[in-house]
Every structure is written in C-alpha cells, then in structure tokens.
Amino acid sequence: MSAASQAATTASNAKQKDFEREAVPHMDVLYNYALRMTGNEDDASDLLQETYLKAYRFWDKYEKGTNIRAWLFRIMKNSYINRYRKESKEPDTVDYDEVKNFYNTIRHESVDPNDLQERLFGNLLEDDVAEALESLPEDFKTVVILCDIEGFTYEEIAEFVECPIGTVRSRLHRGRKMLQAKLFDFARKHGYIGRD
Amino acid sequence: MDCREALDYVSAVIDGEVGAEKRKEFDGHVTTCPSCRSEFETEAMIKRLIGGKLSAVKAPDDLRISILQQVHAGFPTRNDERTGIEKFLSKVFLRPFLKPVLALGVVAVIAIVGISLFGRRESEPIPSTSATADMVDQAVEHYSHYLQGGVNLQLVSSNHEKVRNFFKDKVAYDVYVPDVEHAELIGGVLCEHEGVKFLNLVFKTGDKVVYFYTGCSKEMKASGKVGLCAKAESDLQNTGWYFDTTHTNCSVAVWKEGDRVCSAVADMKQGELLALLKEEK
C-alpha cells in the first residue's frame, strides 16, 4: 500500500470514528422528528438515511464544537422540504374562524369546559393525534414536535429553526391551537362530542 | 399585563420559559380574566395530550445498522474525489515518453491507480481480538462486530472477480467468493487467529447482512488451536452441513468446500439462510 493511500485510509477511518461518536447518538431524536413530520415509518426511515449520508458526506463542513444536533436537524429539515415541497400539496391551511367558533362552542357547552375537553380529547387515539399533528403546516408542526414530544428548550428550538425565541413562542401557541381545532374535529367525527 | 401580552406569553408560561417576574404578572392577569385563563388551560391540556399520546420512539435497529453500514462501505466522501484526481494525474504521467524520467514516481503512481481503479480501500486486517478457539464463535463475533460498525473492510467492491483477485495472494488456499442470488457482495477483510487466516466476506440481501467466514482446514489442523467443535465435525462428516444452535440472535451454517471450511452467519431463520446458500450451489 502506498503511503498516500495509507494516509487517505487513516484519514477516512478517523472521519468515520469521529462521525460515529458525534452524529450517531442523535439518531433517535432525528428519527422521531422525521416520523412525526412525515407521519409514516417508511418516509421517516428514508429521511433519516438521507440525512445521515448527507451529514457524512459533508462532515468537513460541520464546525467542531457547535451544536451537532442543530446541524443534523437543519440537514433533515432541508431534505424534508426538498422531498415534500416538490410534490407540493399546498400546506394545509387552518380556518381560523373555525377555531374561533370552536372556542365559542366549547365555552358555552359546559361550565367547566377544560375538564370536559380533557375528557373528550382523552378518548382520542394515538393515531388521531399523530394525524392531526402531521396535518399542521410545517413551521408549526416542527416547533410542536420539538417542544412537546422531544422536550427541547425554546433556545434550542430557536437555534434549530433559525428564528428568534419570540417566534418560537408564537408558533407554539398557534400550532397548539390548530391542533386543538383538528382534534375537536376528530372527536366530533368519532362521536366523542355531539354536534352542538 | 393586558390580554394581548398575556396571550403572547401563554406558551412560554406553559413551557416554563418565563422568568419569575413575568410569571407573577401573568398569574395576576389570569386570576381576573376568565378568557385568558381558559386559553391557558386549554393550551396546557393540548400540550399534555400530545406528550401523553405521542411518545418519543427509537430509530429501528435495522435502519441504524443499514446507515452505519453505508457509512462504513465508504459512501462517496471527499476522499473519493481526491482519488479521482489522483487517477487523472496518474493517467497523464503514465504516458510512455515520461516513463524513463519518472520511473520511480510511476511505480508509486501505478500503485495509487491500481488502488483507485479497483476501488480498494485498504486497511489492516482485523486484529485477532477473539479469545475463542471455535471457528463458529469467531464467525459470529466478527459478524456482530461488523453490524456494530467495528469492522473496516479492506476492499469494498461488488465485483466478485476483483474481490477474489485481491485476496488471492494473501492466503494459501483458493479464495472462495460465493455467488449468492438476491444478495449483493459488499466487500471483504482478512483476519488471523493463531496464525490461521480467515476470509470475512460481507453480502447484503434486502436489509440483512450475510456474513461469510472461511478458513483452511489444513491450516486450522496445523495450528492445533483453532477449529470446529466435535459436534460440528461429526455433522459435517455425516450430512455435509452443520447448524449452530448456541447463538440465539443469528443462524450459522457450516459446510466444506475442498480444503476450506466455510461458514455463513445471518440474522434470519435457519431455513432462509439455507435456501440462500442452496441457491448458490
């Protein structure tokens, strides 16, 4: 073996080890995000694979000491956008009037609306919640997944999605409200809630 | 705090992302404003619901393994780009009229061209880490090690001929590279136990790895230290096959090809593995 190829091999082994130590421990978090974004395991697997192979390919672009999770996350987000924006179904829009109406409905339904909601929504299945979440527009879906499932701090989320903390806060607020409206629909369809 | 500000901070309060001061203001507001209070309680309920119904899941093991394998199999990296340039440069320098001048350089370049053209990614053989003298245990050990990303292949290639030629001069027996239908050759690496050389070959079928581990029976005998268990020897004598039952996470099949003792390890049922191997014969 020539010295040059030996050196190349050593470098490539070092890179592999580095990559494994730094990037591989975050696979679960990223898979989870992919799963909630796409709503199915096959797409999530494809997305995770694409993300890691890209990350490996561009490993020398990763700045040591910076947030590796945020870096991987951005690769995944871009991959997601490239994949799913192309097929571009318009992102689901949420009818805010409907949300408002729902509030009024809920408010008038019971003296203790929150307790009622909690009981009604408690009947929803995991699949209903996953589907409702998946149907949210991307920006809102992302912050809800990162905050409510992954348990990240606002600061971390802000770094991931590259926006100010105030935006994280307002997206979370709106995202959860949209979810509430969707879940209310599901609950009504499944007969957990009567029509008015 | 007015309603507008309170609504702006609802999420942050729920997520514990406000300072004590703001929290106090917020609490002060919602005790007097039922509408904001309801907003707060509803959003908190939605958060509880999401966290309660959708738990964080783990990436499936086979996916994890498959990604690691691709990284190990040398998914195109910047190093490959470099060998591409090396390839180009060496072609230029290989022009006959330059040969006398660059005689020494050419020797080095030929080596590089050879390596890059054949996609060789040489590394040292696996060091003998196994303490066991049983060939089957070694095979399983290397297989698991490979799945965990601990084995670097000396040669990554799906070309059987190249793999055969690459290892031909490195062992004293005929190199055995099986043709397994529906399975793709990934590459191979040599290892040594007690002076006995074993060829490790990796195949992939679907998302599963079939790991071939082959040694020479004469070498094993001569070493007196590595071999098969008595049950394996007698089964091979009687039926031509031996199936290991001591490993629960994978199936192992052993058979002989002339001087060579071959074993195949895979995470599949014994019947499936046998079907693959029979296809090959």
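A note on names: the letters A, B, ... follow the listed sequences, proteins ahead of strands, and every chain is numbered from 1. These numbers come from the heavy atoms of this one structure, side chains and all, not from hydrogens, waters or symmetry mates.
Using a 4.5 Å cut-off between heavy atoms, A:Leu35 touches chain B through its side chain atoms alone. At a 4.5 Å heavy-atom cutoff, A:Ile165 makes no contact with chain B through either its backbone or its side chain. Contacts between A:Tyr33 and chain B at a heavy-atom distance below 4.5 Å are absent for every atom of the residue. Of the two parts of B:Val10, only the side chain, counted from C-beta on, holds a non-hydrogen atom closer than 4.5 Å to a non-hydrogen atom of chain A. For A:Val168, no part lies near chain B; criterion is any non-hydrogen pair under 4.5 Å. In this structure, chain B has a heavy atom under 4.5 Å from the side chain of A:Glu20, while its backbone stays farther away.
Shown here for A:Gln49 and B:Ile67, the closest heavy-atom pair between the two residues is CA-CD1, 3.7 Å. Between A:Leu183 and B:Leu49, the shortest heavy-atom distance links the atoms CD1-CD2, 3.4 Å.
Here CG of B:Leu68 is found 11.0 Å from OH of A:Tyr56. Values are rounded to the nearest 0.5 Å. To the nearest 0.5 Å, atoms OH (A:Tyr31) and CG (B:Leu63) are separated by 7.0 Å. The CD1 atom of B:Ile46 sits 12.0 Å away from atom NE2 of A:His173, with the distance rounded to the nearest 0.5 Å. Annotation: the span from B:Leu54 atom CG to A:Leu133 atom CG amounts to 6.5 Å, rounded to 0.5 Å. One distance of note links OG of B:Ser55 with CD of A:Glu126; it measures 6.0 Å at 0.5 Å rounding. With rounding to the nearest 0.5 Å, the separation of CZ in A:Arg176 from NZ in B:Lys47 is 5.0 Å.
Side-chain atoms of B:Glu17 come within 3.5 Å of backbone N or O of A:Tyr154 as a donor-acceptor pair. Remark: the backbone N or O of B:Gly51 is not paired with any side-chain donor or acceptor of A:Asp148 at under 3.5 angstrom.
Residues B:Glu39 and A:Lys177 form a side-chain contact, since some pair of their non-hydrogen atoms from C-beta on lies under 4.5 Å apart.
For B:Glu5, the CD atom is densely surrounded, since the number of other residues' heavy atoms within 6.0 Å is greater than 12.
Most heavy-atom pairs under 4.5 Å with chain B, from the set A:Ser170, A:Cys147, A:Ala132: that is A:Cys147. Highest contact tally toward chain A, considering only B:Ala59, B:Pro60, B:Gly52, is held by B:Ala59 [criterion: heavy-atom pairs under 4.5 Å]. Counting heavy-atom pairs closer than 4.5 Å to chain B, the top residue among A:Val24, A:Asn32, A:Leu179, A:Ile145 is A:Asn32.
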